[in-house]
**Student:** 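Next up is a structure, given as structure tokens.
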Amino acid sequence: MARNITPREKDYSQWYLDVIKAAEMADYAPVRGCMVIRPTGYAIWESIQSQLDERFKETGHVNAYFPLLIPNSFLEKEAKHVEGFSPECAVVTYAGGEELEEPLVVRPTSETVIGHMYSKWVQSWRDLPILINQWCNVVRWEKRPRLFLRTSEFLWQEGHTAHATREEAMEETLRMLEVYRSFMEEVLALPVIVGEKSEGERFPGAENTYTCEAMMTDKRALQAGTSHFLGQNFSRAFDIRFQNKEGELEYAWTTSWGASTRLIGAIVMTHSDNDGLVLPPNVAPVKVVVIPISPDQSRLQDKILPEAKNILERLKKALGRDQVILDTQFHMRPGDRFFYHLQRGIPLRLELGEAELASSRLRAVRRDTTEVINISLDAVDREVPKLLDDIQGNLLERARTFREQNTYQVNSFEEFKEALNEKGGFIKACFAGTPEDERAIKEATTATIRCFLLDDSTERTCFYTKKQGGRMAVFAKAY
RNA sequence: CGGGGCGUAGCGCAGUUUGGUCAGCGCGCCUGGUUCGGGACCAGGAGGUCGGAGGUUCAAAUCCUCUCGCCCCGACCA
């Protein structure tokens, strides 16, 4: 058991911080609310970035870059947008040695600048759709920051598209929601519930917001990615108009969608344990570590190390160059070296010592189950990828089971409160109330509507108002 | 922004009530040795203007005032 990590059941948020610290993923920056993403953490982000980017490209998107600073007046063009974001905006008023004529907002998101540019780029229906994504940082001033989950500056990706028809834009919104869902499940081993946000939780300026909601191991919900159908709100505000085939001027229909470094927090809170970080193989920057061991330095150098290098090369061919590393920290004792990689979440550890050399077998230890498997040396190229797949599958299954076991369905407010207080987790209930009802529920229980389920067509009685025609909602305490 | 806690070595803390032999402990770090398959042990060593600024006093980590920052719980959020 790790001695530098507070047990999860004792203090969840301390455990979370300890895991991040032990894995050296991040550190606090001198400015409150800001964080430094250290190489181990950043490598995870790069892994997320490259794999998501590939999926964006596959669905026809291209990358571009829009500026960090946005004229304050841009934000003000969309009433709800400015209302939603102004409390958390950082504003530059002084630059170049003098007061600026117009304050510049450090982007909290880029709908406005991008809307401005799109209005210049779009004239004809032939210019549509525009399918652009950008990878960047944004600033949203936070009162209560938490590493990866809520920091004043964070890294993310924001897709912004413009379309000729409402249908096309809606299709895009849902397509990207699905890209997020499949990425989260297949790569991050993060089972998510997709759905539609309630009016109160909607993106400021959106007509509709769709979300991927995940359950952390403390049974709280985490919004892991969102996709917004913006209707014509931003194209009206920024005059994105095009001439259709009939020669008439029409406003374009836009969407936006984003996922952030918060996903790293989600990985930590979904898979890690009291020994530290656990990474699903598909997102792990390093999937396998080979650890040559021997108390005898000359045996180590002459016999064991060469064999370890041989295995390393074979695994590099089987898995990819950077996916496997050789541990040569010979000044450390084996236990220390095991812990070093354990706490960094490397999915599979391969030990090679005297015993293995003698038996022509490797000792493989799974990070997810601590299970030990002996692999014959000739079979590593075959067995290791299989094991990694198995680990990936196990982590997803484990998370899914946990979520299912902590999801309850209720029919009355009494049951709702009881389930929430005694069990926690996700609570499914049919809801037909107003935003005021939602607020009242939140005040009474601190739980909020995470989303309305998309595939729900049956109309039932609302658990709260007893009105007919409600939709199935998932409630939870959220991050 | 409200409520609570806390700033002393890289990290975690004791010391503050009762001002003076209080510059200390554990971990980590460095050196040497013995060890070595889930976090070793012994010996020696480096490291701090006690968050900052004023003040009280012969004397301040300790008392007073102001200030900065952090953590936890609430309202706001990817």
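Predicted model, so just to flag it, every value in this text is computed and none were measured. Below, chains carry the letters A, B, ... as their sequence lines are ordered, and counting in each starts from 1.
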**Student:** A/H341: which residues meet the ring pair (Phe, Tyr, Trp, His ring centres under 6.0 Å) condition with it, sequence neighbours left out?
**Tutor:** none

**Student:** Under the side-chain contact (heavy atoms from CB on, under 4.5 Å) rule, collect the residues that match up with A/A214, sequence neighbours excluded.
**Tutor:** A/L190, A/V192, A/M216

**Student:** If you round to the nearest 0.5 Å, how far is CG of A/L131 from CG of A/N63?
**Tutor:** 12.0 Å

**Student:** For residues 418-427 of chain A, please give each side-chain donor-acceptor pair under 3.5 Å, one per line with the distance, not counting sequence neighbours.
**Tutor:**
| residue | atom | partner | partner atom | Å |
| --- | --- | --- | --- | --- |
| A/N421 | ND2 | A/K417 | O | 3.2 |

**Student:** Please report the distance separating the C1' of B/U8 from the corresponding atom of B/C70, rounded so that it comes out in whole Å.
**Tutor:** 15 Å

**Student:** Do A/E111 and A/S256 pass the side chain to side chain donor-acceptor pair (under 3.5 Å) test, and can you show the C-alpha distance, the side-chain angles, and the key distance before you say yes or no?
**Tutor:** CA-CA 8 Å; A/E111 277 74 7; A/S256 68; 2.7 Å; yes

**Student:** Between B/C71 and B/C66, how far is it from one C1' atom to the other, in whole Å?
**Tutor:** 23 Å

**Student:** With P as the reference atom in both, quote the distance from B/A53 to B/G3 in angstrom, rounded to an integer.
**Tutor:** 28 Å

**Student:** Take atom CZ of A/R363 and atom P of B/G37, then tell me their distance rounded to the nearest Å.
**Tutor:** 11 Å

**Student:** Between A/F339 and B/G39, do the rings stack, that is, sit under 5.5 Å apart with planes less than 30° off each other?
**Tutor:** yes

**Student:** Test of understanding: with side-chain contact (heavy atoms from CB on, under 4.5 Å), list the residues that count as partners of A/A64, not counting sequence neighbours.
**Tutor:** A/F66, A/I132

**Student:** Can you tell me how far C1' in B/G20 sits from the matching atom in B/A61, rounded to whole Å?
**Tutor:** 13 Å

**Student:** Provide a list of protein-nucleic acid N or O atom pairs under 3.5 angstrom, restricted to nucleotides 31-36 of chain B.
**Tutor:**
none

**Student:** Could a donor-acceptor pair under 3.5 angstrom be found where the side chain of A/D275 meets the base of B/G38?
**Tutor:** yes

**Student:** Against A/Q392, only a single residue in A/V187, A/L387, A/L188, A/N282 fulfils side chain to side chain contact (heavy atoms under 4.5 Å, CB included); can you say which?
**Tutor:** A/N282

**Student:** Taking the C1' atom of each, how far is B/C77 from B/G39, in whole Å?
**Tutor:** 39 Å

**Student:** In residues 342-358 of chain A, which residues come under 4.0 Å of RNA chain B by heavy atom?
**Tutor:** A/L342, A/Q343, A/R349, A/E351, A/G353, A/E354, A/A355, A/E356

**Student:** Where do A/W15 and A/V268 come nearest, in terms of heavy atoms and distance?
**Tutor:** CH2-O, 3.6 Å

**Student:** Taking the same atom, P, in B/A46 and in B/C25, what whole-Å distance lies between them?
**Tutor:** 13 Å

**Student:** Give me the one residue out of A/F148, A/W135, A/F154 that meets ring pair (Phe, Tyr, Trp, His ring centres under 6.0 Å) with A/W45.
**Tutor:** A/W135

**Student:** Classify the nucleic acid contact of A/V138 as base, sugar-phosphate or nothing, counting any heavy atom under 4.0 Å across all strands shown.
**Tutor:** nothing

**Student:** Protein-nucleotides 44-47 of chain B N/O pairs closer than 3.5 Å?
**Tutor:**
none

**Student:** What does nucleotides 71-78 of chain B look like as a protein-contact string, B for base, S for sugar-phosphate only, - for none, at under 4.0 angstrom between heavy atoms?
**Tutor:** S-SBBSBB

**Student:** Under the ring pair (Phe, Tyr, Trp, His ring centres under 6.0 Å) rule, collect the residues that match up with A/F56, sequence neighbours excluded.
**Tutor:** A/W257

**Student:** Who passes ring pair (Phe, Tyr, Trp, His ring centres under 6.0 Å) against A/W141, sequence neighbours left out?
**Tutor:** none

**Student:** Assign the ring pair A/F74 / A/F238 to parallel, tilted or perpendicular, where the plane angle (0 to 90°) is split at 30° and 60°.
**Tutor:** perpendicular

**Student:** Between B/C50 and B/G45, how far apart are the C1' atoms? Round to whole Å, please.
**Tutor:** 23 Å

**Student:** Provide the full list of side chain to side chain donor-acceptor pair (under 3.5 Å) pairs with a residue in residues 263-273 of chain A, sequence neighbours left out, each pair given once.
**Tutor:** A/D273-A/R367

**Student:** Which residue pairs pass the ring-ring contact (aromatic ring centres under 6.0 Å, His included) test when at least one of the two sits in residues 200-221 of chain A, sequence neighbours left out?
**Tutor:** A/H81-A/F203, A/F85-A/F203, A/F203-A/H228

**Student:** Rounded to the nearest angstrom, tell me the gap between atom CZ in A/R367 and atom P in B/G38.
**Tutor:** 16 Å

